[in-house]
Amino acid sequence: MAELLRFRADEPADHPGITVDAFLDQPDADAVRIEPGDDARALIPHLARLRLVEVNFPIFGDGRGYSSARILREAGYGGELRAVGDVLVDQIAALRRCGFDGFDPDQPLDPADTEIAFARWSAVYQPAADGRAPIWAARHGETA
Amino acid sequence: MYRYDDYDQAMVDTRVAEFRDQARRRLEGRLSEDQFKPLRLMNGLYLQLHAYMLRVAIPYGTLDARQMRALADIADNYDRGYGHFTTRQNIQYNWIKLEEAANLLADLAKVEMHAIQTSGNCIRNISSDHFAGAAADEVADPRPYAELLRQWSSFHPEFSALPRKFKIAVIASERDRAAMRLHDIGIRIVRRGDALGAQFWVGGGMGRTPMVAPCIREFVPIDQLVTYSEACLRVYNRHGRRDNKFKARIKILVHELGAAEYTRQVEEEFAHLLTLGIEPPAAELARIAAMFDEPLEPAESAAPDRSDPDFALWMDRNTHPHKLPGYISAVISLKPVGGIPGDATADQMRLMADLAERYGNGELRVTHTQNIVLPHVRQAELHGLWSALEPAGLGAANIDTVEDIIACPGLDYCSLANARSIPVAQRIAERFAANGRTAVLGELKLKISGCINACGHHHAGHIGILGVDRKGTENYQLLLGGSEAEDVSLGKITGPGFDETGIVDAVETATKVYLKERDEGERFLDTYRRIGMEPFKAALYG
């Protein structure tokens, strides 16, 4: 877990996520791993017992995990959402906006590049799952 | 037209800095070409046959004189003194060095322009009616809605790695001048009583599997436009195919699910998203719309003097009625006979910018047919405009004729192409200019693609040409009966293909069938639809 990057104060779950099918059969499990083809909404009835959802990106170009993350946050999931797999520094700002608060990529992220990537965008055009107020809200004195 | 505020400016400036950093990491070898590719594509940078190609976004095809001059300077400073206007109402430069690309983007940002999302698997530049804001038949100017969607789609985090590219067009009239139903999402702004709304057509496209989009919602209230778009995209991002690049566009998803099931899923997602408050407020749309609503100076309603037959011909071919008295929209043809469709030199760009200021309000449009529009020309001064165009090689009176050909860059530039497109377009235009039949044939939309990806819109040509590679030689298939307009249809292949000379002859043969068979007032397309393929086949292969 040396490379794990987290934006949470709580302790990380101590075991990795199991498949969605296995998770649904294990009433005491608190960690799950979503593959790109899994339906994140299948987890919604079980959010209360979840502490960790790993969303796997087998290749960085498969963007289904972005929707999975937002769907879980929109449903009120408050545990850790961790991006794992082929996660590159150029994606992490967008992933963070979709609700990810943990990153455990296959290839370690360069700390300096990571810092730049998260700090880069001072404003955003649209609401997402990170609670940032969009530019239109700032223009019209509204909050998102 | 739309002007950036500090927020918009900061977003494009940030993007330039981000790209500069990415290009540096690539040049230092810290990013592999595989890792760099999706990043440069999100900034419009392609690796072509000879060099990098950079595509600059011209949102909904609208730009002003200052921006056109900046495009000319870029052509001089970073390219070989010209640029190529595209079927997505953008401009691309074919001879770009990676080391200089970030500086080019910085120059663009100085005039409120960018190359954001002009390629890659993301929401692309949004296109629109090139007569928007001027056409008498629109229910509203569609561009404020396109701008609202431009901002929503820019750096949209959830949709940054879609299954495939995604193209949206917004129009606001019954007439379709933007090939709306051949887009991933086509939106028509409509009026119902006093209320404006958006009609959604989803799942159209050209490419190797052309499809005409079905209507999935007749009326989305205008204050839910962004939310409905988000629902359409989320269903696509989650369920669009990713196992096969050639089946990854939304048209395949809509086709495989069926329009009814796709719509059901969108409606379900829409109902959910409505609870999240993601729609910009009405005040934001009003802020944008006000910038497109600059009043034109009153102009004297004076019909131009048509005594010069060359001017009269140009006026008949290259102008479009304006909603205000005293004004007219003029189309500058980038299709000189023997030229490269859509190309303009830096000097031509500067001249068009000057003319836009002298004869209009400084605004210009790029058409998806690769020409330039001056939307608001004072009618009384139309002759002066025309007189200035001819000496610069911009005076061709051939809009919507057989000489006004759409052609992709083809094998002369593109690494995907199987065959050359530009020389075929040149030979065809030369043939009809020489035999004098251009005028007789009237409206005849001819479109050429150099491979099945269909960037030259061959499926939608009244006459379409598709270049293929047949055992190492270029071969050209002929299609008839396509249309991208409100009478949208997909062309049908006539039969075996032709070589380069043969395809020029074949096009001429098809036009002869039309001239022989046509009824009073019929266009080529009308005659084809009435008499069918057989008479054409008989003449071509008989």
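These numbers were taken from a predicted model, which means no experiment stands behind them. Hydrogens, waters and symmetry mates play no part in the numbers below; they use all other heavy atoms, side chains included. Order of the sequence lines sets the chain letters (A, B, ...), proteins ahead of strands, with each chain counted from 1.
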Measure distances from [X] to the heavy atoms of chain A and classify the residue's part below 4.5 Å as side chain, backbone, both or neither.
{"X": "B:Pro38", "result": "side chain"}
{"X": "B:Asp34", "result": "backbone"}
{"X": "B:Ser160", "result": "side chain"}
{"X": "B:Glu279", "result": "backbone"}
{"X": "B:Ile278", "result": "both"}

- Item | Leading residue by heavy atom contact count with chain B [cutoff under 4.5 Å; candidates A:Val89, A:Asp39, A:Leu95, A:Asp86] |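 So the answer, after comparing A:Val89, A:Asp39, A:Leu95, A:Asp86, is A:Asp39.
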- Proximity of residues 61-74 of chain A to chain B, residues having a non-hydrogen atom under 4.5 angstrom: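 Answer by number: A:Gly61, A:Asp62, A:Gly63, A:Arg64, A:Tyr66, A:Ser67, A:Arg70, A:Ile71, A:Glu74.
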- Could you walk me through whether B:Glu18 and A:Trp121 pass the side-chain contact (heavy atoms from CB on, under 4.5 Å) test, one step at a time? CA-CA 10 Å; B:Glu18 181 184 49; A:Trp121 297 96; 3.5 Å; yes
- Charged N-O contact under 4.0 Å between B:Asp8 and A:Arg139: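 A salt bridge is present here (some side-chain N lies under 4.0 Å from a carboxylate O).
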- Would you check if B:Trp152 and A:Tyr125 make a side-chain contact, meaning some heavy-atom pair closer than 4.5 Å?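 Counting from C-beta outward, B:Trp152 and A:Tyr125 never come under 4.5 Å.
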- Message: Just so I know, are the side chains of B:Met11 and A:Ile135 near enough to count as touching, which here means a heavy-atom distance under 4.5 Å?
- Response: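 Contact flag for B:Met11/A:Ile135 side chains = yes.
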- Could you name the residues of residues 228-247 of chain B that have a heavy atom within less than 4.5 Å of a heavy atom in chain A?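 The list, in residue order, reads B:Glu230, B:Arg234, B:Asn237, B:Arg238, B:Arg242.
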- For chain A, which residues of residues 19-32 of chain B have heavy atoms nearer than 4.5 angstrom: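 So the qualifying residues are B:Asp21, B:Gln22, B:Arg25, B:Arg30, B:Leu31.
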- Query: Got a donor-acceptor contact below 3.5 angstrom from the A:Gln126 side chain to the B:Ser154 backbone?
  - Reply: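 Checked: pair present.
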- Item | Contacting region of A:Asp110 [heavy-atom separation from chain B under 4.5 Å] |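 Just its side chain gets close to chain B.
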- chain A interface, residue from B:Arg287, B:Gln35, B:His272 that has the most non-hydrogen pairs under 4.5 Å: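 Looking at each of B:Arg287, B:Gln35, B:His272 in turn, B:Arg287 comes out on top.
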- Query: Of the non-hydrogen atoms in B:Tyr7 and A:Ala138, which two are nearest, and what is the gap between them?
  - Reply: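 What the structure gives for the nearest pair is OH-CB, 3.3 Å.
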- Check A:Ala128 against B:Pro157 and note the closest heavy-atom contact, atom names and distance.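 Looking at all heavy atoms of both residues, the closest pair is CB-CG, 3.9 Å.
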So for atom [atom1], which belongs to [X], do other residues, nucleotides or ligands contribute more than 12 heavy atoms lying within a distance under 6.0 Å?
{"X": "A:His46", "atom1": "NE2", "result": "yes"}
{"X": "A:Gln107", "atom1": "CD", "result": "no"}
{"X": "A:Glu115", "atom1": "CD", "result": "no"}

Show me the side-chain donor-acceptor pairs of residues 20-27 of chain A shorter than 3.5 Å, one per line, residues at least two apart or across chains.
none

